[in-house]
*Asks:* 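One structure, pasted below without further comment.
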Amino acid sequence: MVEIDILAELSDMKIIDYRNTLAIVSLIEVLTEKGIICSNDVALKAQTLDAISEEQIKIYTV
């Protein structure tokens, strides 16, 4: 029974992840279409935030 609960929770998490991703992509598309941002801005910010996260992880694990 525990195995079924875990699989159900995993399924719910996948649905939530899909909806969150869809919302984020939709926001990026609308902002891009309105000329507020360009896709390059998003890519550069993602790289910056990813690098910061990696550095913070290194600091906390040392």
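Along the sequence shown, residues are numbered consecutively beginning with 1.
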*Asks:* Look at the side-chain heavy atoms of Ile, Leu, Val, Met, Phe, Trp and Tyr, link any pair under 4.5 Å apart, and say whether Leu44 and Ile37 land in one connected group.
*Replies:* no
*Asks:* Between the side chain of Asp41 and the main-chain N/O of Cys38, is any donor-acceptor distance below 3.5 Å?
*Replies:* yes
*Asks:* Could you state the interatomic distance from CG (Leu7) to CG (Asp12), rounded to the nearest 0.5 Å?
*Replies:* 11.0 Å
*Asks:* Can you tell me how far CD1 of Ile52 sits from CD of Gln47, rounded to the nearest 0.5 angstrom?
*Replies:* 12.0 Å
*Asks:* How is the hydrophobic cluster of Tyr18 composed, in terms of its other members, when Ile, Leu, Val, Met, Phe, Trp and Tyr link through side-chain heavy atoms under 4.5 Å apart, directly or indirectly?
*Replies:* Leu22
*Asks:* Can you tell if the side chain of Met13 reaches within under 4.5 Å of the side chain of Asp17, non-hydrogen atoms only?
*Replies:* no
*Asks:* Give the cluster check for Ile28 versus Leu31: same hydrophobic cluster or not, with ILVMFWY residues linked at side-chain heavy-atom distances below 4.5 Å.
*Replies:* yes
*Asks:* I'd like to know if Val42 and Ile36 are part of one continuous hydrophobic network [Ile/Leu/Val/Met/Phe/Trp/Tyr, side-chain heavy atoms within less than 4.5 Å].
*Replies:* yes
*Asks:* If you round to the nearest 0.5 Å, how far is CG of Asp5 from CG of Leu10?
*Replies:* 12.5 Å
*Asks:* Can you tell me how far apart OG (Ser26) and CZ (Arg19) are? Round to the nearest 0.5 Å.
*Replies:* 13.0 Å
